[in-house]
There are 2 protein chains.
Amino acid sequence: MPSISKENYLKAIFIGNRADKKPLTTTEIASRLEISNAATSEMARKLADSGLIKYEKYKGLRLTKKGERIAVNVIRRHRLWELFLLKVLKLNWAEVHDEAEKLEHISSEKLIDKIDEFLNYPKFDPHGEPIPDKNGELPNLPKTIKLSETEIGKEYFVIKVDDSSNELMNYLTKIGLKLYEKIKVADKLKFDNSVIIMLKSKQINLSKKVAESIFVSESSINLSRN
Amino acid sequence: MPSISKENYLKAIFIGNRADKKPLTTTEIASRLEISNAATSEMARKLADSGLIKYEKYKGLRLTKKGERIAVNVIRRHRLWELFLLKVLKLNWAEVHDEAEKLEHISSEKLIDKIDEFLNYPKFDPHGEPIPDKNGELPNLPKTIKLSETEIGKEYFVIKVDDSSNELMNYLTKIGLKLYEKIKVADKLKFDNSVIIMLKSKQINLSKKVAESIFVSESSINLSRN
DNA sequence: TTACAAAGTTAAGCACACCTAAAATAATTA
DNA sequence: TAATTATTTTAGGTGTGCTTAACTTTGTAA
Ligand SMILES: [Mn+2]
Ligand SMILES: [Mn+2]
Ligand SMILES: [Mn+2]
Ligand SMILES: [Mn+2]
């Protein structure tokens with residue numbers, strides 16, 4: 001069992017994984033974890049020694065199968081906790097991430113499976129991110145586009161939101177925007193690239209930055225595993 | 001906020017607190033936490049420096065008001081988690097303690113309050129130990145005696161069990177003995193000091209050691225706060 | 001009351017995970 | 001290609017919490 005710190009590195013590497021499949025740089029990991037480059041280089045060596053990543057000096061790093069299994073498991077624990085905290089214990093949208101960030105490292109497999117069962121094997125976390133199942137399989141991702149790239153006049157379902165800012169989560173909560181809600185794009189302003197949506201007959205103007213953090217789809221999705 | 005390690009010391013000091021009110025020795029703490037005497041001496045100095053305990057070399061230590069507040073809070077978190085894991089997530093009697101041992105250190109006040117609310121402000125944990133409320137107040141303890149000290153022929157309610165051994169918890173689960181169950185003392189053998197009880201018309205022989213780990217009362221108790 | 005044993009503390013050192021500053025390597029620009 | 005700049009690694013160091021071994025204090029028994 002890797003330490004809390006090592007689990008965080010593995011998770012960061014998995015999530016930082018790029019579309020182009022190129023290895024990640026130690027610098028990218030360092031900035032994601034908000035620690036020094038030096039610490040990351042050192043840890044890279046250790047993780048490579050224990051076979052959790054492949055790492056060549058100056059050439060970046062990538063997860064091995066073994067490292068990926070652990071990373072995916074940490075992510076499973078994180079996302080299940082997030083959903084559990086929101087749905088069962090009624091913490092709010094902005095609070096669940098930070099709490100899950102700690103819980104993900106200290107929950108036994110058994111406890112996590114119980115939570116999974118309690119929630120009836122959910123496919124997505126409170127931000128719309130996929131939850132790996134017990135075998136590490138991720139559900140199929142719904143095809144989404146950014147709210148900033150939608151067409152005026154059309155209706156969409158909110159499928160995912162960027163979870164990296166508590167402030168954004170609080171704002172979305174305040175205006176009453178939730179996952180799986182239906183919205184209509186009323187207008188888009190060329191002036192500042194903001195998007196005006198209709199949410200339950202309320203009209204809301206969302207800035208470019210906010211609109212780029214909300215992912216929508218024209219069709220709704222199936223939430224539970226078959 | 002003290003570190004996980006410091007929280008464990010404070011909790012151990014609180015729980016180890018003796019009836020005679022004499023200060024605890026560093027050796028007692030060390031053995032309870034299964035670490036060396038040396039580590040405990042060193043930590044005693046640090047805890048004293050931050051005003052969490054009073055400590056005089058060679059004279060033992062005791063909690064200050066400030067240290068006690070933290071200790072009681074850790075215990076609150078531990079016991080609420082234990083009950084939550086058992087009642088809501090259906091972990092079993094023998095599993096909850098070890099899991100709570102980790103969760104107690106990383107849960108926010110808010111999360112713990114939500115759990116407290118979810119459980120409807122319970123007074124006792126799954127082993128019959130009192131749960132401190134948000135203000136650190138402990139509920140009144142029911143008066144109990146050891147099962148080994150009961151009278152033959154009388155009926156009792158199981159009020160508390162010693163939670164220090166997973167094996168014992170598993171054994172009690174297997175024979176179907178639960179908290180708040182009514183039992184009748186059928187016989188006590190002088191030969192080995194074992195106690196024979198009737199539990200739901202089943203007759204069970206409990207060794208001296210087991211009988212000394214079970215605490216009973218002649219009257220049942222009120223479980224929820226007022 | 002002294003000698004010895006037991007209990008408790010200090011000393012020295014280790015693993016972990018981080019830091020800053022210096023050095024090495026790679027990438028870019030002239 | 002050489003010089004310059006940017007990226008990445010190594011060197012040296014820190015704080016926490018632990019260890020074993022040596023030493024000090026306290027309690028007990030001769
Ligand atoms: Mn999250
Ligand atoms: Mn999430
Ligand atoms: Mn316990
Ligand atoms: Mn308990």
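Letters go in sequence order (proteins before strands), and every chain restarts at 1.
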- With the sugar-phosphate defined as primed atoms, P, OP1 and OP2, and the base as all remaining atoms, what B/S/- string results for nucleotides 11-21 of chain C, 5' to 3', for protein heavy atoms under 4.0 Å? B-----SBBB-
- Query: What class does the angle between the rings of B/Trp93 and B/His127 fall in, given that below 30° is parallel, 30 to 60° is tilted and above 60° is perpendicular?
  - Reply: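 Rings of B/Trp93 and B/His127: parallel, as their planes differ by under 30°.
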When the distance from [atom1] of [X] to [atom2] of [N] is rounded to whole Å, what number comes out?
{"X": "B/Leu33", "N": "D/dT19", "atom1": "CG", "atom2": "C1'", "answer": "15 Å"}
{"X": "A/Leu61", "N": "D/dT7", "atom1": "CG", "atom2": "P", "answer": "17 Å"}
{"X": "B/Glu7", "N": "D/dT16", "atom1": "CD", "atom2": "P", "answer": "16 Å"}

Any ion pair linking [Y] and [X] (charged N to carboxylate O, less than 4.0 Å)?
{"X": "B/Asp113", "Y": "B/Arg76", "answer": "yes"}
{"X": "A/Glu99", "Y": "B/Lys110", "answer": "no"}
{"X": "B/Glu212", "Y": "B/Lys208", "answer": "yes"}

- Out of D/dT8, D/dT26, C/dT10, whichever nucleotide has its closest atom nearest the side chain of A/Ser41: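 Side chain of A/Ser41 sits closest to D/dT8.
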- Query: Taking only N and O in the side chain of A/Thr26, is any of them less than 4.0 Å away from OP1 or OP2 of D/dT7?
  - Reply: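 Answer is no, no contact under 4.0 Å.
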- Item | Residue-phosphate contact under 4.0 Å: B/Tyr55 side-chain N/O, C/dT9 OP1/OP2 |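 Yes.
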- Item | Where at least one partner belongs to residues 44-80 of chain A, residue pairs that pass ring-ring contact (aromatic ring centres under 6.0 Å, His included), sequence neighbours excluded |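 Sorted result for residues 44-80 of chain A: A/His78-A/His97.
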- Query: Under 4.5 Å between any side-chain heavy atoms of B/Lys11 and B/Arg32, yes or no?
  - Reply: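 No, every pair of side-chain atoms sits at 4.5 Å or beyond.
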- Have a look at A/Thr40 and say if it touches a base, only the backbone sugar-phosphate, or nothing, with a 4.0 Å heavy-atom cut-off.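 Nothing: the residue A/Thr40, judged by heavy atoms under 4.0 Å, touches no strand.
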